[in-house]
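Heavy-atom basis, side chains included; hydrogens, waters and symmetry copies ignored. Counting convention: from 1, in listed order, for ligands and their atoms alike.
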Amino acid sequence: MVRYRVRGGNALRGTAFIQGAKNAVLPMIGAALLAAKGRTVLRNVPIIEDVRRAVELAEAVGAYVELHEAERTLVIDASKVSSPVLPAEIARRFRGSVLFTPALLHRLGEAVVEGVGGCNLGSRNLDFHYLGYKRLGAVVDEGETVIHVKAAGLTGATLYLDTPSHTGTENLIMAACLAKGTTVIENAALEPEVLDVIDMLGKMGARISGGGTGFITVEGVDELHAVEHTVMPDRLDAGVFAMAAAITQGELSLVGTGLDLGVVRYKLEQMGVEFHRQGAVLHVRCDGPLRPINIITDTYPGFATDLQSPMMTVAALADGTSYIHERIFDGRFALAGELNKMGANVEVEGSRAIVRGRTPLTGTHVTAHDLRSGIALVLAGLAAEGETVIDSGYLIDRGHAHLAARMRALGADITREISER
Ligand SMILES: CC(=O)N[C@H]1[C@@H](OP(=O)(O)OP(=O)(O)OC[C@H]2O[C@@H](n3ccc(=O)[nH]c3=O)[C@H](O)[C@@H]2O)O[C@H](CO)[C@@H](O)[C@@H]1O
Ligand SMILES: C=C(OP(=O)(O)O)C(=O)O
């Protein structure tokens with residue numbers, strides 16, 4: 001079992017190197033399997049557990065994969081993909097497994113999904129994915145545990161998503177790329193990671209327009225070819241490091257952020273955190289008390305739900321009462337109980353949380369219930385008095401690469417341990 005141990009009180013200072021985006025690299029690995037010939041090269045790959053699971057899953061269906069960790073580079077040869085089965089023991093360990101379905105459908109005419117994992121955040125339906133496949137001509141057998149999707153060939157259609165699902169949009173784009181004719185996806189997701197995937201698919205030969213507008217048009221092509229692509233920076237990793245500077249009264253230069261932090265930056269600025277861009281480097285510092293904040297999570301360009309938990313930690317350290325409204329997931333407040341064990345005062349009422357700060361935080365033994373509550377507890381540990389022990393660190397490692405080493409380089413007192421239980 002992986003465990004993080006954090007001793008609080010150190011201000012974080014220095015240069016923080018931001019990793020490549022988890023939520024872009026996973027669909028890109030799925031996209032690489034669409035190329036029947038050649039080798040795909042992905043650069044700036046974050047060395048996280050989800051990528052390791054995606055590599056295992058790609059190998060399980062017959063792809064040849066090299067993960068060069070030091071070079072943060074993946075080489076994928078999908079020419080020998082031969083098994084339609086996404087085995088439960090790998091697929092149930094991460095959400096990104098759902099992104100392998102379109103390639104298997106196109107390459108083998110079927111996909112057998114033995115399970116899909118991911119953070120436990122309440123209901124996480126896949127009905128938009130399966131309804132979309134059906135409208136493109138696939139047959140979907142939804143068994144109790146195994147889902148079997150079959151298609152002798154897909155044909156373009158007009159698709160509508162009730163809400164702009166992130167992986168749903170990526171999956172339907174990938175399904176439409178090699179379908180016959182034109183597909184229109186209405187109410188498509190606008191996330192920058194989706195646009196990065198569209199960029200890669202375009203290089204592969206796909207004909208996709210409308211990315212970032214909510215209405216995506218895909219003209220089907222006969223084949224896609226292997227390409228080289230550099231994964232965009234992880235805006236969630238960047239947000240966490242910005243918050244780490246804020247709550248430790250530190251000063252960080254974020255390198256690799258590339259994109260603007262958007263609403264996260266504006267919210268932190270409202271709390272009293274200062275940002276300053278110098279060319280490609282984003283500086284963040286805080287040397288005064290934090291003000292309370294109101295947050296409403298939403299799809300892009302709204303406040304990302306994946307930063308809601310880390311922001312709850314920041315709010316607990318602000319002087320006054322903050323309000324958080326979680327609108328994407330119906331079970332994403334597991335952090336509250338753990339933060340309260342450390343001395344926070346967080347009250348949850350349905351989809352809303354009231355955070356009464358500032359209360360001094362004291363280190364104790366806490367549990368990560370999902371990736372983002374895990375990293376939020378690391379943040380709490382950085383600002384707490386004494387030692388915070390966080391289990392299970394595997395969940396944090398699902399999405400943040402070399403976290404302890406990167407934070408230690410900035411002055412944090414944090415270790416990653418492998419424990420017996
Ligand atoms: C690997 C990946 O990219 N994960 C991200 C992706 O997850 P994921 O793509 O799973 O999230 P979605 O955008 O699909 O889900 C958002 C909401 O829509 C609902 N829904 C979704 C699909 C569907 O077919 N039916 C349905 O009802 C879900 O139950 C959930 O309440 O976007 C989430 C929301 O930004 C992020 O938290 C995750 O980090
Ligand atoms: C919810 C998340 O991930 P996943 O969709 O991979 O479970 C996340 O990254 O916070």
key: Distance, nearest 0.5 Å, that separates CG of Asp162 from CZ of Phe128   = 4.5 Å
remark   = Value for CE (Met342) from OG1 (Thr313), rounded to nearest 0.5 Å, stands at 8.0 Å
key: Candidate pair Asp196 and His229, rule side chain to side chain donor-acceptor pair (under 3.5 Å), full reasoning   = CA-CA 9 Å; Asp196 201 20; His229 189 81; 2.9 Å; yes
request  = Could you tell me whether atom 19 (C) of ligand 1 has a protein heavy atom closer than 4.0 Å?
outcome  = no
query = Without hydrogens or angle criteria, can the side chains of Arg332 and Thr305 be said to hold a donor-acceptor pair below 3.5 Å?
reply = yes
For Leu121, atoms of ligand 2 separated by under 4.0 Å from a heavy atom = 1 (C)
inquiry  = Just to confirm my output: which protein heavy-atom neighbour is closest to atom 5 (O) of ligand 2, and how far is it?
reply    = Arg124 NH2, 2.7 Å
message = Is the terminal nitrogen or CZ of Arg93 (NZ for Lys, CZ for Arg) located under 6.0 angstrom from the six-membered ring centre of Tyr394 and within 45° of that ring's axis?
response = yes
request  = Using a strict cut-off of 4.0 Å, indicate which atoms of ligand 1 neighbour a heavy atom of Arg124.
outcome  = 7 (O), 8 (P), 10 (O), 29 (O)
request  = Using a strict cut-off of 4.0 Å, indicate which atoms of ligand 1 neighbour a heavy atom of Arg332.
outcome  = 37 (O)
ask   = What residue and atom, counting heavy atoms only, is the protein's closest point to atom 2 (C) of ligand 1, and at what distance?
value = Asn23 OD1, 3.2 Å
inquiry  = Nearest 0.5 Å, please: how far is CZ in Phe303 from OH in Tyr266?
reply    = 13.0 Å
task = Report the part of Arg95 (side chain from C-beta onward, or backbone N, CA, C, O) that has a heavy atom under 4.0 Å from ligand 1; answer both or neither where that applies.
result = side chain
query = Is there any N or O on Ser165 that sits under 3.5 Å from an N or O of ligand 1?
reply = yes
task = Working to the nearest 0.5 Å, report the span between CZ of Arg235 and CG of Leu261.
result = 9.5 Å
remark   = of all protein heavy atoms, closest to atom 22 (C) of ligand 1 is Asn125 O, 3.1 Å
query = For residues His148 and Glu110, is any side-chain donor paired with an opposing acceptor at under 3.5 Å?
reply = yes
query = Less than 3.5 Å between some nitrogen or oxygen of Leu121 and one of ligand 1, yes or no?
reply = no
message = Counting only nitrogen or oxygen atoms and a 3.5 angstrom limit, does Phe329 reach ligand 1?
response = no
remark   = Taking only non-hydrogen atoms of Arg95 and a 4.0 Å limit, the atoms of ligand 2 in range are 4 (P), 5 (O), 6 (O), 7 (O)
request  = Could you tell me if any non-hydrogen atom of Arg332 lies under 4.0 Å from any atom of ligand 2?
outcome  = yes
request  = Identify the protein heavy atom lying closest to atom 24 (O) of ligand 1, giving its residue, its atom name and the separation to 0.1 Å.
outcome  = Phe128 N, 2.7 Å
Minimum side-chain heavy-atom gap Leu195-Met232 below 4.5 Å = no
query = So, Asp391 versus His365: side-chain donor-acceptor pair below 3.5 Å or not?
reply = yes
For Thr305, the ligand 1 atoms whose distance to one of its heavy atoms is below 4.0 Å = 34 (C), 35 (O), 37 (O)
request  = Could you grab the distance from atom OH of Tyr133 to atom CG of Leu105, nearest 0.5 Å is fine?
outcome  = 6.5 Å
note = Looking only at protein heavy atoms, what sits closest to atom 7 (O) of ligand 2 is Cys119 N, 2.7 Å
request  = For atom 6 (C) of ligand 1, grab the closest protein heavy atom and report residue, atom and distance to one decimal in Å.
outcome  = His166 CB, 3.7 Å
inquiry  = Run Thr299 and Glu191 through side chain to side chain donor-acceptor pair (under 3.5 Å) and show every step you take.
reply    = CA-CA 7 Å; Thr299 51; Glu191 269 69 16; 5.3 Å; no
task = Using a 4.0 Å heavy-atom cut-off, say whether Asp306 meets ligand 1 through its side chain, its backbone, both or neither.
result = side chain
ask   = What protein heavy atom is closest to atom 6 (O) of ligand 2, reported as residue, atom name and distance in Å?
value = Arg398 NH2, 2.8 Å
note = atom 8 (P) of ligand 1 has as its nearest protein heavy atom Thr167 OG1, 3.6 Å
For the student: nearest non-hydrogen atoms of Leu161 and Ala188, plus distance = CD1-CA, 4.3 Å
ask   = What is the closest protein heavy atom to atom 25 (N) of ligand 1, and at what distance does it sit?
value = Asp127 OD1, 2.6 Å
ask   = Is the shortest N/O to N/O distance between Glu170 and ligand 1 below 3.5 Å?
value = no
message = Please list the nearest protein heavy atom to atom 31 (O) of ligand 1 with its residue and the distance rounded to 0.1 Å.
response = Ile328 O, 2.7 Å
query = Of the protein's non-hydrogen atoms, which lies at the shortest distance from atom 3 (O) of ligand 2, and what is that distance?
reply = Lys22 NZ, 2.9 Å
note = shortest atom 10 (O) of ligand 2-to-protein heavy-atom contact is with Arg372 NE, 2.8 Å
message = Could you check whether any heavy atom of Gln308 sits closer than 4.0 Å to an atom of ligand 1, since that is the contact criterion I want to use?
response = no
key: Non-neighbouring partners of His225 that pass ring pair (Phe, Tyr, Trp, His ring centres under 6.0 Å), sequence neighbours left out   = none
query = With atoms numbered from 1 as shown, which atoms in ligand 1 lie under 4.0 angstrom from a non-hydrogen atom of His129?
reply = 24 (O)
Tyr130-Asn171 side chain donor-acceptor pair, cut-off 3.5 Å = no
